[in-house]
**Student:** 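So that we are looking at the same thing, I have put the structure below in C-alpha cells.
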Amino acid sequence: QVRLVESGGGAVQVGASLRLACQVSGYPYSSVCMAWFRQVPGKEREAVAAAWLGRSTTYYADSVKGRFSISQDNAKSTLYLQMSDLKPEDTAIYYCAGDPIIPCYSDYVTRSADFSDWGQGAQVTVSS
C-alpha cells in the first residue's frame, strides 16, 4: 500500500525559507513520478514541482522557478521541496503526490487528476 506522509509546513514571514518533506513508501519500484501541488480555497490544485524518482528529470511552475527546488533522498525514501524567498502568494496547502505510470514531463505533471496517490497536505502561510 502506497503511503505519502508530509511534514514541514508552517507560518513564516515574506522572504523566509521552508522545507517540506514527503516520506514515501509502498511503491514496488523506484521509477515513480512525484510532484508537489498546492491549493488555495476556491482554486484548482496547481502543480508546483515534479521529479522522476531515480532520474534527473524535473519540472517547475513558472511562478516558483529560481525559488523552489525539488530533491530526493533515496536512502530515506523522502522527497523534499525547498522553498526560498517565500511570498504571500505562496500561501496554500501543499500536497505531495505520486504516480508510477504517468511520464514525469511537463505535459503530464500539471494534471492533478492523473496522480493516484496523495499525502494529507501541509499548510504554508506567508505573511508580510
Side-chain angles (χ1 to χ4, degrees):
Q1 180 181 357
V2 173
R3 192 159 181 249
L4 307 179
V5 180
E6 299 155 19
S7 60
V12 296
Q13 299 286 321
V14 167
S17 298
L18 270 179
R19 189 177 75 164
L20 301 179
C22 176
Q23 183 77 36
V24 182
S25 62
Y27 286 117
Y29 40 85
S30 60
S31 184
V32 178
C33 183
M34 299 296 301
W36 289 97
F37 284 79
R38 66 186 181 187
Q39 189 170 27
V40 296
K43 292 191 176 181
E44 292 189 359
R45 209 163 279 193
E46 172 195 22
V48 174
W52 213 333
L53 294 186
R55 308 187 191 187
S56 60
T57 305
T58 57
Y59 159 86
Y60 294 98
D62 288 341
S63 58
V64 306
K65 279 181 182 176
R67 301 188 298 120
F68 289 14
S69 177
I70 190 170
S71 63
Q72 54 188 282
D73 184 330
N74 293 328
K76 296 181 179 180
S77 298
T78 301
L79 181 77
Y80 298 102
L81 183 68
Q82 178 68 48
M83 304 182 291
S84 303
D85 189 22
L86 283 162
K87 304 176 180 181
E89 53 264 40
D90 295 318
T91 296
I93 299 175
Y94 285 71
Y95 296 91
C96 173
D99 193 276
I101 296 177
I102 65 172
C104 217
Y105 301 116
S106 58
D107 288 348
Y108 300 92
V109 299
T110 57
R111 301 196 297 249
S112 62
D114 290 343
F115 282 83
S116 54
D117 306 303
W118 291 87
Q120 80 280 11
Q123 177 70 49
V124 172
T125 303
V126 184
S127 57
S128 56

**Student:** When you compare the side chain of L53 with that of L79, does any pair of heavy atoms fall below 4.5 Å?
**Tutor:**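 A side-chain contact under 4.5 Å exists here.
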**Student:** What's the shortest heavy-atom distance between P100 and S116, and which atoms?
**Tutor:**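 What the structure gives for the nearest pair is CD-OG, 4.0 Å.
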**Student:** Compare all side-chain heavy atoms of S84 with those of F68 and state whether any distance is below 4.5 angstrom.
**Tutor:**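 Not touching, per the 4.5 Å side-chain cut-off.
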**Student:** For K65 and D62: C-alpha separation, side-chain torsions, deciding distance, then whether salt bridge (Lys or Arg N to Asp or Glu O under 4.0 Å) applies.
**Tutor:** CA-CA 5 Å; K65 279 181 182 176; D62 288 341; 3.2 Å; yes
**Student:** Between R55 and S31, what is the shortest heavy-atom contact and its length?
**Tutor:**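 In terms of heavy atoms, the two residues are closest at NH2-OG, 3.3 Å.
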**Student:** If I take atom CZ from residue R3 and atom SG from residue C22, how far apart are they, to the nearest 0.5 angstrom?
**Tutor:**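 R3 CZ to C22 SG: 11.0 Å, rounded to 0.5 Å.
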**Student:** I'd like to check Y95 versus L4 (side-chain heavy atoms, cut-off strictly below 4.5 Å). Are they in contact?
**Tutor:**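 With C-beta onward as the side chain, the pair stays apart.
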**Student:** Begin with the C-alpha distance, continue with both residues' side-chain angles, and end with the deciding distance and a verdict on side-chain contact (heavy atoms from CB on, under 4.5 Å) for F115 and C33.
**Tutor:** CA-CA 9 Å; F115 282 83; C33 183; 4.0 Å; yes
**Student:** What distance separates Q72 CD from S77 OG, expressed to the nearest 0.5 Å?
**Tutor:**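 Going from the CD atom of Q72 to the OG atom of S77 covers 10.0 Å.
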**Student:** Side chains of S63 and E46, heavy atoms from C-beta outward: is any pair under 4.5 Å?
**Tutor:**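 S63 vs E46: side chains touch.
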**Student:** Would you please test L20 and M83 for side-chain contact (heavy atoms from CB on, under 4.5 Å) and show each step?
**Tutor:** CA-CA 8 Å; L20 301 179; M83 304 182 291; 3.7 Å; yes
**Student:** Just wondering, more than 12 heavy atoms not from E44 lying within 6.0 Å of its CD?
**Tutor:**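 No, CD of E44 has 12 or fewer neighbouring heavy atoms, counting only those of other groups under 6.0 Å.
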**Student:** Is it possible for you to say whether I93 and V40 belong to one hydrophobic cluster, with membership spreading through side-chain heavy-atom contacts below 4.5 Å?
**Tutor:**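 No.
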**Student:** Can you get from L86 to V14 by hopping between Ile, Leu, Val, Met, Phe, Trp and Tyr side chains that sit under 4.5 Å apart?
**Tutor:**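 In one cluster with L86: V14, yes.
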**Student:** Ignoring hydrogens, what is the shortest heavy-atom contact between Y108 and P103? Give both atom names and the distance.
**Tutor:**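 Where Y108 meets P103 most closely, the heavy atoms are CB-O, 3.3 Å.
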**Student:** Is it the case that the side chains of Q23 and S25 hold a donor-acceptor pair, with the cut-off being a distance below 3.5 Å and no angle test?
**Tutor:**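 Judged by distance alone, the side chains do not pair up.
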**Student:** For A49 and L81, which heavy atoms make the closest approach, and how far apart are they?
**Tutor:**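 The answer is CB-CD1, 4.0 Å.
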**Student:** For the residue pair F37 and W118, does the interplanar ring angle fall in the parallel (under 30°), tilted (30 to 60°) or perpendicular (over 60°) class?
**Tutor:**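 Rings of F37 and W118: tilted, 30 to 60°.
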**Student:** For the residue pair T78 / D73, report whether a side-chain donor-acceptor contact shorter than 3.5 Å exists.
**Tutor:**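 D73 vs T78: no donor-acceptor pair found between side chains.
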**Student:** Just checking, any donor-acceptor pair under 3.5 angstrom between side chains of D117 and Y27?
**Tutor:**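 Checked: D117/Y27 side chains pair up, N/O donor to acceptor below 3.5 Å.
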**Student:** Which value, rounded to the nearest 0.5 Å, describes the distance between R19 atom CZ and S71 atom OG?
**Tutor:**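 Reported to 0.5 Å precision, the distance equals 7.0 Å.
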**Student:** Tell me whether Y59 is reachable from I102 by hopping between hydrophobic residues (I, L, V, M, F, W, Y) whose side-chain heavy atoms are closer than 4.5 Å.
**Tutor:**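 Same cluster: I102 reaches Y59 through Ile, Leu, Val, Met, Phe, Trp or Tyr contacts under 4.5 Å.
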**Student:** Once you round to the nearest 0.5 Å, how far does CG of D99 lie from CZ of R111?
**Tutor:**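 Atom-to-atom, D99:CG and R111:CZ are 11.0 Å apart.
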**Student:** Could you go through R38 and V64, starting from their C-alpha distance and side-chain angles, then the distance that decides it, and tell me whether this counts as side-chain contact (heavy atoms from CB on, under 4.5 Å)?
**Tutor:** CA-CA 12 Å; R38 66 186 181 187; V64 306; 4.0 Å; yes
**Student:** With hydrophobic residues grouped by side-chain heavy-atom distances under 4.5 Å, do V124 and W36 end up in a single group?
**Tutor:**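 They do share one cluster, since a chain of ILVMFWY contacts under 4.5 Å joins V124 to W36.
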**Student:** Shortest non-hydrogen contact from V12 to A16?
**Tutor:**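 Minimum heavy-atom contact is CB-CB, 3.8 Å.
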**Student:** Look at the side chain of T91 and the backbone N and O of V126, then say whether any donor-acceptor pair between them is shorter than 3.5 Å.
**Tutor:**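 Here the side-chain-to-backbone pair exists.
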**Student:** Taking all heavy atoms of E6 and all of G119, pick out the closest pair and write down the distance.
**Tutor:**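 Distance-wise, the nearest heavy atoms are OE2-CA, 3.2 Å.
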**Student:** Using a 4.5 Å cut-off on heavy atoms from C-beta on, say whether the side chain of Y60 contacts that of I70.
**Tutor:**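 SC-SC contact between I70 and Y60 confirmed.
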